[in-house]
Amino acid sequence: MKNWKSSMLILAMLAGLLIVPAARGQSPLAKPRSAPVSPKSDTRVVDTVPSSEFQVTSKEKRAQITPPSPARNSELETRNFLGACGAAVDELKASRALIDALDSDNAALKKRLDTEKQATAVLTELNETRKAETEALRVAVAAKNETITAKDAVITAQDKLIAALKQKKSSPWRRIGDVLIGAAVFAIVK
């Protein structure tokens with residue numbers, strides 16, 4: 001059993017020694033870059049150290065602060081660059097969503113415009129129909145007025161005729177007298 005534990009330990013150390021140089025010799029896989037094909041963003045890379053890194057409260061402490069080391073500076077630059085890239089990706093996603101929304105809005109507006117054009121055409125036709133109807137009603141009212149005027153003229157003429165006939169109407173005694181005169185003329189002629 002003692003041999004087994006020691007042989008396992010030696011075997012693990014040997015495997016570790018063989019794997020470590022191979023891991024150091026390998027280069028990481030290159031990630032495909034999408035930045036050259038994507039449109040430019042308004043987000044800029046900032047090369048300055050964030051304000052949270054340096055908190056200075058007095059002049060004495062400012063004199064004691066040493067500038068960050070080059071390794072620290074490159075780490076901050078990498079963070080800033082990656083942050084800017086992330087912001088650009090987020091902005092690209094948001095702009096694509098907004099573009100899709102604008103396209104759907106434009107389609108809805110075009111559909112509304114077509115509907116408004118159709119409604120305008122129907123309303124124009126309705127307006128023309130109403131104008132024609134109004135003109136027909138004016139003609140009908142004018143004809144009615146002419147008819148009423150003609151009827152008034154006929155009634156006036158009939159009233160005059162009635163008045164004239166009333167004046168010519170003789171009394172019953174006059175008629176009897178006319179009959180007697182007619183009988184006398186007949187007797188004389190015979």
Side-chain angles (χ1 to χ4, degrees), residues 29-53 76-190:
L29 294 174
K31 294 181 182 176
R33 291 198 266 160
S34 63
V37 294
S38 66
K40 293 190 180 212
S41 171
D42 286 340
T43 306
R44 302 286 181 238
V45 177
V46 179
D47 292 335
T48 61
V49 178
S51 62
S52 62
E53 294 292 323
L76 290 174
E77 287 176 5
T78 303
R79 267 195 249 154
N80 287 341
F81 179 72
L82 291 176
C85 288
V89 167
D90 291 341
E91 185 179 335
L92 183 62
K93 286 179 184 176
S95 65
R96 286 183 180 161
L98 288 175
I99 288 170
D100 291 341
L102 284 174
D103 286 342
S104 65
D105 283 351
N106 284 344
L109 286 174
K110 284 181 182 177
K111 188 174 181 181
R112 183 176 176 192
L113 178 65
D114 291 340
T115 305
E116 290 294 328
K117 284 181 180 177
Q118 290 174 351
T120 303
V122 168
L123 289 175
T124 303
E125 183 180 339
L126 179 64
N127 191 23
E128 293 298 322
T129 304
R130 284 186 179 169
K131 284 181 182 178
E133 182 180 293
T134 303
E135 188 60 34
L137 285 174
R138 282 185 189 146
V139 169
V141 168
K144 177 194 66 116
N145 288 339
E146 287 177 12
T147 305
I148 289 173
T149 305
K151 284 185 179 182
D152 287 344
V154 168
I155 290 172
T156 304
Q158 287 178 351
D159 287 342
K160 287 180 182 178
L161 182 62
I162 290 172
L165 290 176
K166 281 184 180 179
Q167 287 177 359
K168 288 184 178 180
K169 185 178 178 186
S170 55
S171 65
W173 292 108
R174 189 170 181 173
R175 283 191 190 168
I176 294 174
D178 288 339
V179 171
L180 290 175
I181 292 174
V185 171
F186 181 69
I188 295 176
V189 174
K190 234 186 188 191

Euclidean distance, [Y] [atom2] relative to [X] [atom1], rounded to 0.5 Å:
{"X": "Leu165", "Y": "Gln158", "atom1": "CG", "atom2": "CD", "value": "11.0 Å"}
{"X": "Lys151", "Y": "Glu146", "atom1": "NZ", "atom2": "CD", "value": "13.5 Å"}
{"X": "Leu126", "Y": "Glu133", "atom1": "CG", "atom2": "CD", "value": "9.5 Å"}
{"X": "Glu125", "Y": "Asn127", "atom1": "CD", "atom2": "CG", "value": "11.0 Å"}
{"X": "Leu161", "Y": "Thr156", "atom1": "CG", "atom2": "OG1", "value": "12.5 Å"}
{"X": "Asp90", "Y": "Cys85", "atom1": "CG", "atom2": "SG", "value": "11.0 Å"}

Given side chains that start at C-beta, do those of Ile176 and Leu180 come closer than 4.5 Å, heavy atoms only?
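Side-chain contact under 4.5 Å: yes.
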
Verify the neighbour count for atom CD of Glu128: are there more than 12 heavy atoms of other residues, nucleotides or ligands below 6.0 Å?
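Buried by this count: over 12 neighbours within 6.0 Å.
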
Test side-chain contact (heavy atoms from CB on, under 4.5 Å) applied to Thr120 and Leu123, Thr124, Val122, the passing residue
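Exactly one pass, corresponding to Thr124.
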
Which residues pass the side-chain contact (heavy atoms from CB on, under 4.5 Å) test with Glu135, not counting sequence neighbours?
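If we apply the side-chain contact (heavy atoms from CB on, under 4.5 Å) test to Glu135, skipping adjacent residues, the hits are Arg138, Val139.
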
